[in-house]
Amino acid sequence: MFDRVAELTVRRPGIVLVVASVLVAAMSFVGVGAFGKLVGGGFDDPDSQSTRASRVIDEKFGGEANLVLLVSSRAQRVTDPEVEQDGAQLVAELRKETELSNVVSYFDTHSDSLLARDGLSAMVLAHVKGDESTREEHAQDIIDAYAGQYEGLTVRAGGGTAVGAELSEQVLQDLLLAEVIAVPVTLLLLLIVFGGVVAALLPLAIGTVAVAGTFAELALLGSVTDVSVFSINLTTALGLGLGIDYALLMISRFREQLALGTSVADAVRTTVHTAGRTVVFSAGTVAVALTALLVFPQYFLRSFAYAGVGVVVIAAVGTLFVMPALLMLLGHRINSGRLPWPKADRHRRRAPFWGRLAGTVMRRPVLISVPVLAVLLLAAAPLLGVTFGTPDERVLPEDAASRQVSTALQADFEGDDEAAVQVVVDGAVGDEALDAYAEKLSLLNGVVRVEAATGTYEQGSSGAPGPTSEALNRPDAQRVTVIGTAPPKSDSAQSLVRVVRDVDAPAGSKEVLVGGGDAELLDTKESIASRLPIAAGLVAVTTFILLFLFTGSIVQPIRALALNMTSLAAAIGAMTWMFQDGHLSSVLGFTAQPMDTSMTVLLFCIAFGLSMDYEVFVTSRIKELHDAGESTEAAVVHGLGHTGRIVSAAACLLAVGFFAFATAKVSFMQMFGLGSGLAILIDAIAVRGVLLPAAMRLLGRTAWYAPGPLRKFHRRFGISESAPQAAAPTLESEFATRIT
């Protein structure tokens, strides 16, 4: 395959670029539609008990309350007749909206639970219709129509759909700001790294191909399944980052060959056979890590697999075809637009920095590696106290309208109706049995009241007709609402869900489903935890196989997995220290809360895939030199001399794109960006520069061990970056010398 690709790009570079340009134009045309097809949400398991309860409530009871309008008056209490009249008019208008159902308010029920303790504000609850792809859009239309000043009232919107709508809008703004910051900085760094204008522009070509192709893929997938809007962030950051990674490797090898006096055509052929081969199989390691996200039922996580695998595959294909064609047409003009850096030949006698560092480490592996390992383990220590949650209003900045409403509901009202535990009893249950069941629930610790078709129950009271009893009873099902005192998403709120689920079902019922926001959090955590072993096993096994194919050793994959897990633990531990424990919250402007379950899994998969990408870059060159007859120590020193600066420069450039998300106002986007960037830098510097050579020195000849049958298998099916014989003595190219 690599022979055919090399010959095609050498003989027909113009045709390759014309075809690529047409494909990019077509993909861009299709990809524009992705923005209208991507949706928010997707954090819940569609088969969980809470999701099933939500579906039944939507189908039979008009839906749960997911929109809260907090109504107040500047001059009067809401209990005053004039304010009540305006409030009743607002409710009447809301009930005319076709997107709403189950509109309930203080102004027509006079329920104390819907009135603030100080009487200055009251709640209007409603259910916004539609699936997750349309619900936020409908909610935004309602908010635009009614929020702000309405007659003599002040109306603010909150609740799940309001938070979701505001979150989606904020994420898009954060993405735009991050790109505005990251792109110019990346361009400047590209000029510094490549030392020339022409060479610096080449990674942008690969990044453009990858991003355009992935947007087209997401647009097509969005037509047949739910795809999260957050996948845009990964597409842009990873597309540009991988374009830089792969272009660095290809251009480095091409320049190295030109420096040896090789013709342009032969230099392209060698580049495709060596760096091109490494790019393809490096992309395989990243894609495999991201494929593990498909085992999770939440489409939020699955969407990142769609986007991640797509951008990796398209970036690799673009690099394999477009980059050699560009190099063939440019030839020696690859160095055009050279910036006035010091000439490489002034430093020709100096060994590469990364080679010298590897040599120093291998002379004293324990003395140098133990302090580095200790620092990484110290950074990982906060993981011992990590807790997990799902996104809520706290991920938004404090001045966000929906967050302010949620804060007011918790502070000013007796129990949060919108955050209640929702119980659906399937079957025709008699009033007596339902009455006994509701009374049991009302006696649970932390319960303010229980609303059922037979009445409203509070501790120490008998059932009384409830204000919403007409929406709680159907011939084949009953709905019971449990309002508690615990703050939403807290441990005590989740404990209440567990206790409610443990209460014996009423006589005559077929099934009892317990839902609500806290039940969704509980089910999401259990759903992800139950599938983590499968995902981790998939990543570990496939990574082991790929690295064995590269190295022919069963020790190297184990060594790589151990080092990568150490660096990942350090990065995620640092994020736990920041975003859960609250350190640097005043600087970054976020609210400390449990680690976002889905984003932590995503961070792990992205960072693991990229670290394995660099593992392949470095190890393939070490293996090549070792196969050429060098000792393990010499192969490591010379291999890092070839690739260490490429990897470190690529990591810095990729980290810039992720670090730009530190400017986001959504806290889990900050966590993902900072965590990904930190993990990349730790891997490229601490692991590749120190821990890898130390481990190789301590392992010695054992580093290349494999049982006899596996050695035979590798000789037949193994993968290697086989460079021309003339290239072996060259410890650094003119390009590598320039990178400091």
Side-chain angles (χ1 to χ4, degrees), residues 182-183 185-187 189-190 192-194 199-211 213-214 234-255 271-272 274-290 307-324 326-327 354 546 550 564 606-621 640 642-659 676-677 679-685 687-688 721 735-736 739:
V183 170
V185 174
T186 300
L187 287 174
L189 292 177
L190 283 172
I192 295 173
V193 168
F194 282 93
L201 293 176
L202 295 186
L204 300 182
I206 305 303
T208 300
V209 171
V211 172
T214 307
L234 181 64
T235 298
T236 55
L238 203 56
L240 181 58
L242 290 178
I244 292 169
D245 277 6
Y246 298 157
L248 272 166
L249 194 64
M250 295 285 282
I251 294 173
S252 172
R253 200 65 182 239
F254 180 69
R255 280 176 157 176
T271 299
V272 171
T274 55
R277 186 189 302 267
T278 299
V279 163
V280 169
F281 289 99
S282 295
T285 63
V286 181
V288 162
L290 295 176
V309 173
V311 76
V312 169
V313 171
I314 296 170
V317 172
T319 301
L320 194 62
F321 286 90
V322 175
M323 184 60 70
L326 288 171
L327 295 176
W354 291 100
L546 285 171
F550 258 95
N564 288 352
I606 294 293
F608 183 89
L610 292 173
S611 67
M612 295 310 300
D613 195 38
Y614 296 143
E615 174 71 35
V616 172
F617 281 13
V618 174
T619 305
S620 62
R621 199 64 178 261
L640 278 171
H642 278 291
T643 59
R645 296 184 178 186
I646 299 170
V647 167
S648 59
C652 290
L653 288 163
L654 184 57
V656 166
F658 284 115
F659 283 149
S676 298
I680 291 167
L681 293 182
I682 290 174
D683 183 83
I685 298 172
V687 173
R688 303 302 147 212
E721 185 182 285
F735 168 73
I739 304 174

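This chain uses plain numbering: 1 for the first residue, then up along the sequence. Since we're looking at a predicted model, the values are computed, not measured.
What you find for Ala315 and Ala210 is that their closest heavy atoms are CB-CB, 3.8 Å. Of all heavy-atom pairs between Ser611 and Arg688, the closest is O-NH2, 3.4 Å. Here the closest heavy-atom approach between residue Ile646 and residue Ser252 is recorded as CD1-OG, 3.0 Å. Counting all heavy atoms, side chain and backbone alike, Gly310 lies closest to Thr214 at C-OG1, 3.7 Å. Nearest heavy-atom pair, Trp354 versus Gly644, reported as atom, atom and distance to 0.1 Å: CD1-C, 3.4 Å. Taking both residues in full, the closest heavy atoms of Met250 and Gly276 are given as SD-N, 3.6 Å, listed atom of the first, atom of the second, then distance.
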Is there a side-chain contact (heavy atoms from CB on, under 4.5 Å) between Phe321 and Val209? Walk through the geometry before answering. CA-CA 11 Å; Phe321 286 90; Val209 171; over 6 Å; no
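No side-chain heavy atom of Leu189 sits less than 4.5 Å from a side-chain heavy atom of Cys652. Here the side chains of Val185 and Phe659 are not in contact, with every heavy-atom distance at 4.5 Å or above. Considering only heavy atoms from C-beta on, Asn564 comes within 4.5 Å of Asp683 through its side chain. Using a 4.5 Å heavy-atom threshold, the side chains of Val193 and Ile251 count as separate. When side chains are defined from C-beta on, Leu202 counts as touching Leu327, because their heavy atoms get closer than 4.5 Å. Between Val687 and Tyr614 there is no side-chain heavy-atom pair separated by less than 4.5 Å.
Just one residue in the list Leu242, Ile314, Ile206, Val280 forms a side chain to side chain contact (heavy atoms under 4.5 Å, CB included) with Thr319, and that residue is Ile206.
Summarising the geometry, atom OG belonging to Ser620 is positioned 7.5 Å from atom CG belonging to Leu249; distances are rounded to the nearest 0.5 Å. In this structure, CG on Leu653 lies 9.5 Å from CD1 on Ile192, to the nearest 0.5 angstrom. Atom-to-atom distance recorded for Asp245:CG and Leu240:CG is 10.0 Å, nearest 0.5 angstrom. In this structure, Leu204 CG and Thr186 OG1 are separated by 9.0 Å, a value rounded to the nearest 0.5 Å. In this structure, OG1 on Thr285 lies 8.5 Å from CZ on Phe608, to the nearest 0.5 angstrom. Within the model, atoms OH of Tyr246 and CG of Asp613 stand 4.5 Å from one another, a figure rounded to the nearest 0.5 Å.
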